[in-house]
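Just below is one structure, and these are the notes that go with it.
Below, chain A is the first sequence line, B the second, and so on; all start at residue 1. Only heavy atoms go into these numbers, but all of them, side chains included; no hydrogens, no water, no symmetry mates.
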There are 2 protein chains.
Amino acid sequence: MGLAKSEIFTDKQNKIALFAKVFGHPARVAILEHLFKINACICGDLVNEIGLAQPTISQHLKELKQLGLIKGTIDGTSVCYCINKENWIAMKNVMNTFLNQDITVKGDCC
Amino acid sequence: MGLAKSEIFTDKQNKIALFAKVFGHPARVAILEHLFKINACICGDLVNEIGLAQPTISQHLKELKQLGLIKGTIDGTSVCYCINKENWIAMKNVMNTFLNQDITVKGDCC
DNA sequence: AATATTAATCGTAATATTGCAATGAACAAA
DNA sequence: TTTGTTCATTGCAATATTACGATTAATATT
């Protein structure tokens, strides 16, 4: 199939999976890390920074933008990218409730 | 292509992407949440709990096991599953260094 | 031994993802 | 106006993922 049966899961489970999915490719991780490292808006030198072709980078940026994790503002012929701070924090809260589940197991059969 | 060019990224970037990828499907999120909720070892009633066929669940469990996030111990005819605590904590550390990057942007051009 | 139970594996169909060449759109510079 | 620059979009090939029926493997039960 290749199609996740998202209708049988909760909204929260689907949300976690959607966020995780976008982090599930090293190019998108690298793009986000670069945006954090620069710590300001960057006007598209990501193609040089990361070793992928321009259409490929553009596609990854589109996915990040669609999830709201980055912003892209048109600036002449170039486009200015930066982290969407509010949305990043909101995403972090969702992911942390998942990652920080209570891990103290009572039984110990394994 | 469909094949990520992992060789051009750092080990850490690839590691983050690998962990994120496994969380990138709601069924695996649901499986993990259930293992946390039960807060003990569970002997395979996951097929009833989640609405997917047995081979599908088995496949998702395999991926979680391969990444070391869960343990599966044979117990007669059934198999006992639980969270691998040490590995979960290690994964959490990796993910948190990524999620908790400093978000204080100096410039504000966007 | 014959049968039942549980879960892994195999095989396969449907769909998604990744990557890039080619092209297009928008603007800047000459 | 022509040329260059920058980035998005289109189209396509290669590969990956998801899901499940059928089967198999291993152990229990009768």
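- Counting non-hydrogen atoms of other residues, nucleotides and ligands closer than 6.0 Å to CD1 of B:Ile8 gives a total above 12.
- Close to C:dT6, at under 4.0 Å from its OP1 or OP2, lies no side-chain N or O of B:Tyr81.
- Residue B:Gln66 contributes atom CD, which lies 12 Å from atom P of C:dA8 at whole-angstrom precision.
- Annotation: of the two residues near DNA chain D, A:Ala4 and A:Cys43, the 5′-most nearest-nucleotide partner is A:Cys43.
- At the phosphate of D:dC20, OP1 or OP2 sits under 4.0 Å from a side-chain N or O atom of A:Lys5.
- B:Lys21 has a side-chain polar atom (N or O) that falls below the 4.0 Å cut-off from OP1 or OP2 of D:dT17.
- Aromatic ring pairs are classed by plane angle as parallel below 30°, tilted from 30° to 60° and perpendicular above 60°; the pair B:His60 and B:His25 is tilted.
- For the pair A:Glu63 and A:Ile74, both in contact range of DNA chain C, the more 5′-proximal nearest nucleotide belongs to A:Glu63.
- For residues 3-26 of chain A, no pair satisfies salt bridge (charged side-chain N to carboxylate O under 4.0 Å, His left out), with sequence neighbours left out.
- For A:Glu33, the side chain to side chain donor-acceptor pair (under 3.5 Å) partners at least two apart in sequence or on another chain are B:Gln13.
- Rounded to an integer number of Å, the gap from CD1 of B:Ile70 to C1' of C:dA8 is 13 Å.
- Atom-to-atom, NE2 of A:His25 to P of C:dC20 comes out at 10 Å; the value is rounded to the nearest Å.
- Rounded to whole angstrom, the span from the NZ atom of A:Lys65 across to the P atom of D:dC7 amounts to 11 Å.
- Of the possible donor and acceptor atoms, none in the side chain of A:Trp88 sits under 3.5 Å from a partner among the backbone N and O of B:Asn100.
- A donor-acceptor contact shorter than 3.5 Å is absent between the side chain of B:Asp75 and the backbone of B:Cys80.
- The distance from atom NZ of A:Lys71 to atom P of D:dC7 is 19 Å, rounded to the nearest whole Å.
- Side-chain contact between B:Ile50 and B:His34 is absent, with no heavy-atom pair separated by less than 4.5 Å.
- Remark: P of C:dT18 and CZ of A:Phe23 are 14 Å apart, rounded to the nearest angstrom.
- Heavy-atom distances under 4.0 Å link DNA chain D to B:Leu52, B:Ala53, B:Pro55, B:Thr56, B:Gln59, B:His60 of residues 45-61 of chain B, given in residue order.
- When Watson-Crick and G-U wobble pairs are counted only if both distances are under 3.5 Å, D:dT30 pairs with C:dA1.
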